[in-house]
Novice: 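My questions will all concern the structure given below.
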Number of protein chains: 2
Amino acid sequence: MARQARALATRQAVLVAAAEVFDERGYAAATMSEILDRAGVTKGALYFHFRSKEELALAVIEGQGVFISGWTPASDSPVQNLIDLGYAFARALQTDPLVRGSIRLTIEHGSFTQPQLAAYQGWMDTVRELLEHAREAGDLHPGVDLTAAAGVITGAVTGIQLSSQVLADRQDLVQRLSDLWTLLLPGLVQPHALARLSVAERA
Amino acid sequence: MARQARALATRQAVLVAAAEVFDERGYAAATMSEILDRAGVTKGALYFHFRSKEELALAVIEGQGVFISGWTPASDSPVQNLIDLGYAFARALQTDPLVRGSIRLTIEHGSFTQPQLAAYQGWMDTVRELLEHAREAGDLHPGVDLTAAAGVITGAVTGIQLSSQVLADRQDLVQRLSDLWTLLLPGLVQPHALARLSVAERA
DNA sequence: TAGGATGCCTACTGGACGGTATGCGTCCGC
DNA sequence: GCGGACGCATACCGTCCAGTAGGCATCCTA
């Protein structure tokens with residue numbers, strides 16, 4: 001058991017190091033050597049836990065799923081939950097290497113075709129669900145197409161995140177998210193619901 | 001002169017092939033061999049025109065600048081021009097390999113650090129300028145922060161484009177842009193200006 | 001029509017990369 | 001207290017890749 005704990009620790013070290021390198025360099029430019037160095041592990045250890053570079057990348061992408069499933073809505077307002085989810089995601093991007101890495105791998109299409117489609121779809125489904133609840137609560141404008149709105153929101157958040165990463169190393173991500181909601185909410189929710197929302201980040 | 005024309009043709013063939021491969025595979029995963037094959041050119045020819053892979057990539061990125069400088073506003077409404085610019089960009093993404101390739105290289109940070117920053121900034125400046133004109137025309141809500149709005153719009157368009165690429169090979173890009181404006185404009189422009197705008201694509 | 005420049009071709013090189021083979025220490029079950 | 005599995009270390013291999021060297025044809029100029 002103590003032995004297994006040690007194994008789990010090296011596996012985790014490899015996973016985190018891989019996520020970091022994938023995040024910084026992308027899949028193709030990331031080298032196993034750098035992952036090895038950063039994890040403080042040898043090749044044999046790595047290939048004992050992961051059979052190939054691709055399997056390692058897929059394992060990193062799983063980290064994203066963990067984040068989604070670990071998040072629970074805190075408010076009774078669906079739209080507020082949507083906003084909060086965005087900020088939770090932003091914070092995870094700033095702190096959790098696994099989320100950072102999985103995002104880059106997800107955005108980088110072509111390396112492996114299926115998983116990132118599923119990841120995108122997962123986010124869109126979550127957003128769509130929150131929007132449906134908002135509609136039932138009577139918060140949304142009547143004309144809003146929920147599927148279209150879910151696509152716009154996920155896409156916009158993705159892009160905001162990306163431009164923030166390129167321009168400011170994600171330092172201003174929270175501010176930019178707040179800007180996004182300020183512009184987006186008037187076209188989405190009705191005035192009476194809008195008044196009850198907090199656009200800024202909430203603890 | 002006839003000789004120079006031939007040289008120019010091979011240079012262009014290399015550039016287009018490189019843009020395609022960079023678009024499909026990304027910088028690191030793109031190989032010179034594939035570019036060579038697709039261009040129908042030998043290594044010597046390529047390295048006569050471009051001294052390295054990186055220089056080739058930078059040349060592809062230039063194509064984006066050509067697109068920006070080649071576009072001219074057609075409407076007397078600044079916001080309408082903003083919308084139209086988005087659609088022009090979308091069309092270019094669907095048809096022009098150089099624009100496609102340069103976008104992927106721009107989004108893919110880390111390979112070379114400076115140029116994509118400039119590209120982003122160029123877009124944001126253009127958007128900001130149009131927003132300033134819109135403010136002078138009295139079309140915008142008074143409270144709108146122009147810099148923040150420009151950041152949100154460029155980021156959102158980037159993300160919309162990306163998710164459309166991953167999910168639908170950019171087939172639904174125009175539709176998604178229309179969805180974006182539908183949600184975004186109410187928070188940006190005043191009702192009287194909103195009524196005069198055409199959210200859909202215009203010929 | 002000589003001769004240099006332009007534009008391109010082919011064969012090659014050195015290095016890095018992902019992955020493997022094999023071996024060795026350590027701990028756990030019996 | 002011992003045998004086997006677990007967990008890892010190291011040396012190595014084949015492949016592929018960006019880039020180079022040097023030659024050669026075609027054209028432009030004089």
Side-chain angles (χ1 to χ4, degrees), chain A residues 1-61 101 104-105 108 110-113 115, chain B residues 1-61 101 104-105 108 110-113 115:
Chain A
M1 201 49 113
R3 201 102 187 86
Q4 275 195 12
R6 187 167 111 99
L8 226 72
T10 71
R11 194 195 133 94
Q12 189 64 17
V14 168
L15 209 59
V16 170
E20 287 177 12
V21 176
F22 283 142
D23 173 45
E24 292 169 21
R25 315 244 182 250
Y27 179 77
T31 71
M32 294 305 236
S33 316
E34 187 171 358
I35 296 175
L36 261 33
D37 287 355
R38 209 175 291 202
V41 172
T42 65
K43 241 177 190 186
L46 189 151
Y47 277 96
F48 174 81
H49 289 286
F50 305 94
R51 278 186 303 186
S52 69
K53 186 183 184 184
E54 180 166 350
E55 188 175 308
L56 182 52
L58 293 178
V60 168
I61 293 184
R104 168 114 194 208
L105 290 173
E108 230 174 41
S111 307
F112 15 76
T113 321
Chain B
M1 200 52 112
R3 199 102 185 87
Q4 274 195 13
R6 187 166 111 98
L8 226 71
T10 69
R11 194 196 134 93
Q12 188 65 16
V14 168
L15 208 59
V16 169
E20 287 177 12
V21 177
F22 283 142
D23 173 45
E24 293 169 21
R25 315 241 183 254
Y27 179 77
T31 71
M32 294 305 236
S33 316
E34 187 170 359
I35 296 175
L36 262 31
D37 287 354
R38 211 176 289 202
V41 172
T42 65
K43 240 174 190 187
L46 189 150
Y47 276 96
F48 175 79
H49 289 284
F50 305 94
R51 279 185 303 186
S52 70
K53 186 183 183 182
E54 180 167 350
E55 187 176 309
L56 182 52
L58 293 177
V60 168
I61 292 184
R104 168 113 193 210
L105 290 173
E108 230 175 39
S111 308
F112 14 78
T113 322

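Just so it is clear: chains get the letters A, B, ... in the order the sequence lines come, proteins before strands, and each one is counted from 1. Keep in mind that this is a model prediction, so the values were computed, not measured.
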Novice: Can you check the B/Y27 OH to D/dC17 P distance for me, whole Å?
Specialist: 14 Å
Novice: Return the nearest nucleotide to the side chain of A/K53; candidates are C/dG18, C/dC8, D/dA18.
Specialist: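 Output: C/dG18.
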Novice: In Å, rounded to the nearest 0.5 Å, how long is the span from CG of A/L36 to OH of A/Y47?
Specialist: 8.0 Å
Novice: Between C/dA21 atom C1' and A/Y47 atom OH, what is the distance in whole Å?
Specialist: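 The answer, rounded to whole Å, is 14 Å.
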Novice: Can you tell me the distance, in whole Å, between the CG atom of B/L8 and the C1' atom of C/dC8?
Specialist: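 After rounding, the reported distance stands at 15 Å.
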Novice: Please name all residues satisfying side-chain contact (heavy atoms from CB on, under 4.5 Å) with A/R38, sequence neighbours left out, ordered by chain then number.
Specialist: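 By the side-chain contact (heavy atoms from CB on, under 4.5 Å) rule, A/R38 matches A/A17, A/E20, A/V21, A/E24, A/E34.
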Novice: With no angle test and no hydrogens, is the base of C/dG19 tied to the side chain of A/K43 by a donor-acceptor pair under 3.5 Å?
Specialist: yes
Novice: Whole-Å distance between C/dG7 C1' and B/H49 NE2?
Specialist: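 So the NE2-C1' distance, B/H49 to C/dG7, works out to 7 Å.
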Novice: May I ask you to decide if B/A30's main-chain N or O and B/R25's side chain share a donor-acceptor pair within less than 3.5 Å?
Specialist: no
Novice: Both A/S33 and B/T42 contact DNA chain C. Which one's nearest nucleotide lies toward the 5' end?
Specialist: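 This one resolves to B/T42.
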Novice: CG/B/L56 to CG/B/L15 distance, rounded to the nearest 0.5 angstrom?
Specialist: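 The CG atom of B/L15 is 6.5 Å from CG of B/L56, to the nearest 0.5 Å.
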Novice: Provide, to the nearest angstrom, the distance between the CZ atom belonging to B/F22 and the C1' atom belonging to D/dA18.
Specialist: 12 Å
Novice: Which nucleotide in the set C/dG18, D/dG7, D/dA18 lies at the smallest distance from any side-chain heavy atom of A/T31?
Specialist: C/dG18
Novice: Taking atom C1' of D/dA18 as reference, at what distance in whole Å does atom CG of B/L56 sit?
Specialist: 12 Å
Novice: So do B/F22 and B/E108 actually touch side chain to side chain, heavy atoms under 4.5 Å?
Specialist: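 No, their side chains stay 4.5 Å or more apart.
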Novice: Does NZ or CZ of A/K53 come closer than 6.0 Å to the centre of the six-membered ring of A/Y27, within 45° of the ring's axis?
Specialist: yes
Novice: Measure from the side-chain heavy atoms of B/F48 and tell me the nearest of D/dT10, D/dA18, C/dG7.
Specialist: C/dG7
Novice: Base, sugar-phosphate, or nothing: which does B/A30 touch, judged by heavy atoms less than 4.0 Å apart?
Specialist: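 Answer is sugar-phosphate: B/A30 comes under 4.0 Å of backbone atoms only.
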Novice: Grab the CG-C1' distance between B/L36 and C/dC8 for me, whole Å please.
Specialist: 12 Å
Novice: I need the A/R11 CZ to A/F50 CZ distance, nearest 0.5 Å.
Specialist: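 If I round to the nearest 0.5 Å, the distance is 4.0 Å.
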Novice: Any side-chain N or O of A/T10 below 4.0 angstrom from OP1/OP2 of D/dC8?
Specialist: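 Looking at the OP1 and OP2 atoms of D/dC8, one of them is under 4.0 Å from a side-chain N or O of A/T10.
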Novice: Write out a two-atom table: protein N or O, nucleotide N or O from nucleotides 22-24 of chain C, distance below 3.5 Å.
Specialist:
none

Novice: Please work out if B/A9 contacts a base, only the sugar-phosphate, or nothing of the nucleic acid, heavy-atom cut-off 4.0 Å.
Specialist: nothing
Novice: Please state how far atom CZ in B/R11 lies from atom P in C/dC8, giving the value in whole angstrom units.
Specialist: 12 Å
